[in-house]
Undergrad: 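Provided herewith is a single structure, encoded as C-alpha cells, for subsequent inquiry.
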Amino acid sequence: MARTDFKSVNEYIASKPNDVRVTLKRVRSTIRKAVPAADEVISYQIPTYKLNGVPVLYFAGWKQHYSLYPASEALVAAFKDELARYELSKGTIRFPLSEPVPVSLIERIAKFRAQQLTMREKGKGARKKGREAQLERVRRICAKMPSVSEKLSHGAPTFFVEKDKGVFTMFMDNHHQDGHLGLWLPAPAGLQSALIEDAPATYFKPPYVGSSGWIGIELDQIGDEALEIHVRQAWELAARKKKKPRRRI
C-alpha cells in the first residue's frame with residue numbers, strides 16, 4: 001500500500017522512484033526560489049507552499065507526469081500560450097516526466113500565484129481588504145447579534161447563535177483555492193438566485209451549503225450596512241431553526 005502519512009516534503013520526494021525524485025527536487029527548488037517567504041508543508045499529503053497560512057501552490061508526482069495546483073482561470077489566461085502544450089484539467093497543470101522541467105515557467109507561475117494572494121494585503125485600502133482586517137470586520141458585525149459565539153470549524157472561523165449551536169456565518173479565505181475572501185451564510189428562501197443574478201461580482205453560490213440556499217458574499221465588494229443586514233438575517237434564520245420544536249410521532 002502506498003504511504004499516505006508524509007510528515008515532510010523530503011519524505012514525500014523520497015517515496016518516489018529515483019527518476020521522479022530528480023524531477024520533483026527541481027520543481028521544489030524552483031518554487032522555493034520563486035517564493036522564498038512561503039512555508040513549506042504537507043497538506044492533503046502532497047507538498048504545499050503557503051503565505052500567511054494561505055496555499056500558494058501544490059505539486060505532486062505521478063508515474064508519467066507531475067502536477068501543479070491550482071490552475072485558476074486567471075492563471076491559465078495569463079500563461080495561455082505557454083500552457084497550450086500541457087494538459088489542463090480541473091485546476092491542474094500536468095507536466096510530462098519525459099521532458100525537462102520548464103523552470104522559468106514554473107517560477108513565473110509561482111510568483112503569479114503569490115502576487116494574487118498578497119496584492120489584496122498591499123496598497124491603498126489594504127487595511128479594509130486584507131484577511132485580518134476583513135475577519136475583524138466580520139467579528140465586529142457578528143458581535144452585535146445576541147449571545148453569539150465563535151470557534152474554528154473545518155479550519156474556518158465560524159459563528160453560532162449560541163455556544164456550538166446554530167451556525168449562521170462562516171468566514172472563508174480561499175476555500176479550496178476558489179479565490180474568494182468571503183462569508184457563507186443562510187439566506188431567506190429564493191434570495192440566493194436573485195442576488196447572484198443581480199450582482200454576480202458580490203454574491204456567489206458556495207459549495208456544500210449552496211444547495212440549501214446559503215449565499216457566498218465577496219467581502220471587498222460589500223459595505224458594512226448591507227453586510228450587517230445579511231448577517232442579521234442569517235442569525236434570525238439560524239435562531240428560528242434552532243428553536244423550532246420537533247414534531248412528535
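Bear in mind that the values here come from a model prediction, so they are computed numbers and not experimental data.
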Undergrad: Between K111 and E107, does any NZ, NE, NH1 or NH2 come within less than 4.0 Å of an OD or OE carboxylate oxygen?
TA: yes

Undergrad: Provide the full list of ring pair (Phe, Tyr, Trp, His ring centres under 6.0 Å) pairs with a residue in residues 7-42, sequence neighbours left out, each pair given once.
TA: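 Counting only pairs at least two positions apart or across chains, the ring pair (Phe, Tyr, Trp, His ring centres under 6.0 Å) contacts touching residues 7-42 are F6-Y12.
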
Undergrad: Please check: side-chain N/O of R32 versus main-chain N/O of E40, any donor-acceptor pairing under 3.5 Å?
TA: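 No.
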
Undergrad: Test your reading of the model: is there a side-chain donor-acceptor pair from K16 to the backbone of G61, 3.5 Å cut-off?
TA: yes

Undergrad: Can a donor-acceptor pair be found, under 3.5 Å and without considering hydrogens, that links the side chain of S149 to the backbone of S147?
TA: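 Checked: no pair found.
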
Undergrad: For the side chain of Q192 and the backbone of K205, is there at least one donor-acceptor N/O pair under 3.5 Å apart?
TA: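 Side chain of Q192 to backbone of K205: no pair is present.
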
Undergrad: Indicate whether any N or O donor in one side chain lies under 3.5 Å from an N or O acceptor in the other, for H230 and Y203.
TA: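 Present: a donor and an acceptor within the cut-off.
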
Undergrad: Examine distances only and state if a side-chain atom of E218 and a backbone atom of L181 form a donor-acceptor pair shorter than 3.5 Å.
TA: yes

Undergrad: Is the closest basic N to carboxylate O distance between E236 and R232 below 4.0 Å?
TA: no

Undergrad: Got a sec, which residues hit salt bridge (charged side-chain N to carboxylate O under 4.0 Å, His left out) with K151, two or more places apart in sequence or on another chain?
TA: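 Testing K151 for salt bridge (charged side-chain N to carboxylate O under 4.0 Å, His left out), a comparison that skips the adjacent residues, returns D164.
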
Undergrad: Can you list everything that forms a salt bridge (charged side-chain N to carboxylate O under 4.0 Å, His left out) with R21? Sequence neighbours excluded, please.
TA: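 By the salt bridge (charged side-chain N to carboxylate O under 4.0 Å, His left out) rule, R21 matches no residue at all.
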
Undergrad: With a 3.5 Å distance limit and no angle check, can you tell me whether Q45 reaches the backbone of D5 through a side-chain donor-acceptor pair?
TA: yes

